[in-house]
Amino acid sequence: MRLPFAIAAFAATAASPALAQQPASPPPPVAPQLPPELTDPRALDQLGNVAGVLARALLELPVGEVEAALENRPVTAEDRRKTVATETGMNPRELDGEVKRGKVAVKQGGQAMARTLPVITRALNQAGEQIGRAIANLPSPTYPRQ
């Protein structure tokens with residue numbers, strides 16, 4: 001009677017193809033890529049051109065009437081002539097120079113982001129793994145204390 005039970009127990013613990021398979025390790029995380037719009041020099045040039053046009057348009061924005069309304073007084077002819085350009089003293093040529101410098105800075109920033117994003121991602125993944133190991137080593141709050 002014991003022999004069939006022993007054979008059944010041995011057969012149950014013997015290696016089988018299902019038990020021999022090791023669990024597949026998860027694939028390494030794929031480093032995120034910046035969208036091509038943020039790294040393409042042509043797209044960045046276009047963005048800079050659009051910013052320049054918008055900035056020049058904002059220079060012509062009338063602000064005198066808004067100022068009069070905020071001060072709760074009637075609008076004067078002088079108020080109607082006030083624009084962002086007259087109030088800030090910036091002319092379109094100065095603005096164009098600022099936009100060109102900004103375009104260069106944006107291009108350099110995009111290139112720097114493209115270079116550093118994989119390094120940052122790798123460091124964050126490693127930090128997550130280390131935190132996971134540290135948490136796994138914490139004692140269980142349900143473990144009986146002596």
Side-chain angles (χ1 to χ4, degrees), residues 7-146:
I7 292 173
F10 176 76
T13 60
S16 68
L19 294 174
Q21 292 180 355
Q22 295 292 326
S25 61
V30 177
Q33 297 288 325
L34 287 175
E37 294 83 10
L38 294 179
T39 56
D40 181 16
R42 291 174 298 178
L44 295 174
D45 278 337
Q46 183 181 8
L47 180 63
N49 294 339
V50 169
V53 170
L54 288 174
R56 280 191 298 279
L58 288 175
L59 280 181
E60 300 305 317
L61 188 68
V63 293
E65 293 183 32
V66 174
E67 181 182 23
L70 289 172
E71 293 174 354
N72 198 23
R73 60 176 174 77
V75 178
T76 64
E78 183 181 336
D79 289 331
R80 288 191 177 91
R81 288 189 298 270
K82 288 183 179 180
T83 63
V84 171
T86 61
E87 293 300 300
T88 62
M90 181 169 281
N91 64 37
R93 285 193 178 145
E94 278 182 77
L95 182 64
D96 288 341
E98 292 290 328
V99 168
K100 284 180 185 175
R101 285 188 287 281
K103 283 170 61 172
V104 170
V106 168
K107 278 185 185 179
Q108 291 172 345
Q111 292 168 348
M113 269 201 304
R115 284 191 311 270
T116 58
L117 187 62
V119 175
I120 292 170
T121 303
R122 199 169 27 253
L124 289 174
N125 286 338
Q126 289 172 351
E129 291 169 4
Q130 290 175 353
I131 290 170
R133 284 193 299 270
I135 290 173
N137 287 331
L138 289 175
S140 170
T142 60
Y143 189 77
R145 295 184 180 185
Q146 295 181 14

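Position 1 is the first residue of the sequence; numbering continues from there.
We find the OG1-CZ distance between T86 and R81 to be 10.0 Å, quoted to the nearest 0.5 Å. One distance of note links NZ of K82 with OG1 of T76; it measures 7.0 Å at 0.5 Å rounding.
Across P74 and D79, no two heavy atoms sit closer than the pair O-OD2, 3.9 Å. Annotation for L59 and L95: closest pair CD1-CD2, 3.5 Å, computed over non-hydrogen atoms.
Residues E67 and L70 have side chains not in contact (no heavy-atom distance under 4.5 Å, counting atoms from C-beta outward).
Heavy atoms from other residues, nucleotides or ligands lying under 6.0 Å from CZ of R73 number more than 12. For CD of E71, the number of neighbouring non-hydrogen atoms (other residues, nucleotides, ligands) closer than 6.0 Å is greater than 12. Q46 CD: 12 or fewer foreign heavy atoms inside a 6.0 Å radius.
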* Evaluate side-chain contact (heavy atoms from CB on, under 4.5 Å) for R122 paired with V119, printing each intermediate quantity in order. => CA-CA 5 Å; R122 199 169 27 253; V119 175; 3.7 Å; yes

* For the pair V84 and L58, evaluate side-chain contact (heavy atoms from CB on, under 4.5 Å) and give the outcome as yes or no after the intermediate values. => CA-CA 7 Å; V84 171; L58 288 175; 5.6 Å; no

* Evaluate the criterion side-chain contact (heavy atoms from CB on, under 4.5 Å) for residue pair N49 and K103; output intermediate values, then yes/no. => CA-CA 8 Å; N49 294 339; K103 283 170 61 172; 3.0 Å; yes

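With respect to R101 and E98, a salt bridge is recorded, a charged nitrogen being found less than 4.0 Å from a carboxylate O.
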